[in-house]
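Only one structure is covered here, and it is reproduced in the block below.
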Amino acid sequence: MNGKISIITPLFNRELLIAETWFSIQSQTYKEWEWIVVDDGSTDNSREVVHELSRKDERIKVFRRPDHLLKGPSSCRNFGVTKSDGAYLIFLDSDDLLSRSCLDERLRIMVDNPGLDFAVFPMQYFKEKPNDSNKIFNIYSSNTRGYLHLFLSDNPPWQTMCPIWRKDSFERLGGFREDYLCMEDPELHVRAILANYRFHVVKGDPDCFYRHSFDENQASHQFWEKSIEGRVQFMQDVWNTYRGHEFSKGISSDLKIFLRRLIKYFLLARIKEYKNHYKTILNWAHQEKIISLLEKKFLDFTLYIFSSEYRWVKTLKLRGVIYQLI
C-alpha cells in the first residue's frame with residue numbers, strides 16, 4: 001500500500017496528555033505518516049513538549065495558528081490541512097488515542113475502495129486508558145438517510161476522529177466551518193452527506209479512543225454556553241441552507257427532534273441563564289414551520305413551569321411530568 005497519511009491535531013493546554021497521544025502515533029504499524037500539530041495559543045508548555053518531540057522525529061511538524069485566523073479547533077484543523085503533504089487525512093484531538101493498527105486498516109479500506117471520499121471507523125470511550133470502558137460511540141444505520149437523520153437529530157453516529165478522508169475530497173468540501181465553536185463536525189458531515197459524498201462505515205473493533213471528560217466539562221459555564229449557542233447556530237444554518245433540498249421534509253422532522261433535545265438536555269438545565277435563548281429558538285422554529293402552534297404552546301408552557309417559583313409547581317411535581325413528555 002502506498003500513501004502518506006497526515007494526522008492533524010489542534011493543540012491547546014494539553015501539556016500533561018499530549019505525550020500519550022504521541023505514543024499512540026509513534027506505535028503505528030504503518031509508518032508513512034506525518035503528524036501536524038497546530039497550537040491554538042497554549043499558555044502551558046504544550047507547544048514546547050511537541051517541539052521537543054519533533055527534534056527526535058522529522059515526521060512531526062509544529063505550527064502556531066496565525067493571528068488572523070479565528071481561535072478554535074476548526075481553524076487549526078483547516079490550517080493544518082494546508083500544511084499537509086499526505087493524500088489522506090485523520091483529525092486527532094490532543095487528548096485522544098489511536099490503536100496500533102489504525103492507520104494500516106484505514107488506508108487498506110481507502111486503497112481497496114478508490115471511489116470513497118471518506119470511510120468511518122468505530123471509536124471507544126475511555127477515562128484513564130483504552131479499554132477501561134466498553135462503550136462505543138458509533139451508531140449504525142442501514143442507509144445514508146439514516147445517518148443524516150442521526151446527525152440532524154443531535155445523535156451523531158460518529159465523531160471527528162472516526163473518519164479517514166481523501167485529502168482532495170475534504171478540500172473540495174471546504175473544510176470545517178471556522179465560526180463554529182461547537183457542532184463543527186456534525187455540520188461538516190451533514191454537508192458531506194447532502195453533497196452526495198461517497199462513504200463507507202466500517203463495523204468491528206474500535207481503532208481509536210476518545211477521552212471522556214463530559215462530567216468535568218459540565219462544571220464549566222463555557223461548556224453550556226458553547227453547547228447551547230452552537231446548537232442554535234447549527235439548527236438555523238442547516239435549515240437556511242437546505243430547506244429547499246429534496247430531503248427538506250425529513251430535515252424539518254429531524255430538527256424538531258433536535259429542538260426538543262436542545263430544550264430537554266441543555267436549556268432546561270440552565271433555564272434562568274438561557275431563558276432568552278429558549279424563547280428565540282422557539283419563536284424561530286415556529287416561524288419556519290418546524291413546529292406547529294400547538295407544539296409551541298406546549299413548549300411555552302414548559303418554559304413557564306420550569307421558570308416558576310410557585311410552591312404548587314413543586315407540590316404537583318409538574319416539572320418531572322413535563323420533562324418526560326418533551
Side-chain angles (χ1 to χ4, degrees), residues 3 5-10 20-21 24-25 28 30 33 35-36 73-74 76-78 80-81 84 86-113 116-127 130-131 133-144 146-167 169-170 173 175-177 180 182-195 197-214 234:
I5 300 175
S6 298
I7 303 166
I8 313 292
T9 297
E20 290 183 49
T21 302
S24 79
I25 297 171
Q28 291 299 303
Y30 184 76
W33 51 260
W35 186 28
I36 296 180
S74 294
C76 292
R77 292 176 187 133
N78 288 344
V81 172
S84 67
Y88 303 95
L89 305 171
I90 291 176
F91 296 99
L92 174 66
D93 284 348
S94 57
D95 58 343
D96 296 334
L97 309 173
L98 304 177
S99 71
R100 291 187 72 248
S101 61
C102 176
L103 301 189
D104 245 329
E105 293 300 319
R106 292 193 182 194
L107 182 60
R108 181 181 61 80
I109 291 292
M110 297 302 285
V111 170
D112 290 348
N113 299 273
L116 291 179
D117 294 296
F118 65 97
V120 180
F121 292 78
M123 180 179 76
Q124 186 180 65
Y125 288 103
F126 78 101
K127 288 189 176 181
N131 299 314
S133 163
N134 59 6
K135 185 177 180 182
I136 301 296
F137 182 97
N138 307 61
I139 305 172
Y140 299 103
S141 172
S142 60
N143 55 59
T144 298
Y147 286 114
L148 181 63
H149 162 72
L150 288 166
F151 276 119
L152 291 176
S153 55
D154 200 12
N155 197 19
W158 64 77
Q159 185 259 11
T160 320
M161 179 170 42
C162 297
I164 179 171
W165 288 87
R166 212 171 292 278
K167 181 181 177 180
S169 297
F170 178 83
L173 189 60
F176 290 94
R177 281 278 301 268
Y180 272 54
C182 175
M183 302 295 290
E184 71 276 6
D185 53 316
E187 191 281 331
L188 176 78
H189 295 120
V190 165
R191 198 167 2 117
I193 292 172
L194 290 175
Y197 267 44
R198 292 159 296 181
F199 67 95
H200 174 62
V201 177
V202 177
K203 298 180 182 179
D205 295 331
D207 76 346
C208 55
F209 304 93
Y210 176 82
R211 193 180 299 270
H212 198 307
S213 55
F214 182 75
F234 175 83

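Computed from a prediction, not measured in an experiment: that's the story for all the values here.
A ring pair (Phe, Tyr, Trp, His ring centres under 6.0 Å) with Phe118 is found for exactly one of Phe170, Phe199, Phe91, Tyr88, namely Phe199. Partner of Trp158 under the ring pair (Phe, Tyr, Trp, His ring centres under 6.0 Å) criterion, out of Phe151, Tyr210, Phe121, Phe137: Phe151 alone.
Counted by atom type alone, Lys167 and Ser84 present one or more donor-acceptor pairs between their side chains at under 3.5 Å.
Judged by distance alone, with hydrogens and angles left aside, the side-chain atoms of Thr9 form a donor-acceptor pair with the main-chain N or O of Leu92 at under 3.5 Å. A distance-only check finds no donor-acceptor pair linking the side chain of Arg77 to the backbone of Ile8 [under 3.5 Å]. A donor-acceptor contact shorter than 3.5 Å is absent between the side chain of Lys203 and the backbone of Tyr140. In terms of modelled atom types and a separation under 3.5 Å, the side chain of Glu184 and the main chain of Ser74 share no donor-acceptor contact.
Between Leu188 and Gly175, the shortest heavy-atom distance links the atoms CD1-O, 3.3 Å. Shortest non-hydrogen contact noted between Pro122 and Gly204 is CG-O, 3.6 Å.
Counting non-hydrogen atoms of neighbouring residues, nucleotides and ligands closer than 6.0 angstrom, the CG atom of Asn134 reaches no more than 12 such neighbours. Atom CG of Asp205 has 12 or fewer neighbouring heavy atoms from other residues, nucleotides or ligands inside a 6.0 Å radius.
Ionic pairing of Arg211 and Asp96 is not present here: no N-O contact between side-chain nitrogen and carboxylate oxygen is shorter than 4.0 angstrom.
To the nearest 0.5 angstrom, Arg106 atom CZ is 12.5 Å from Trp165 atom CH2.
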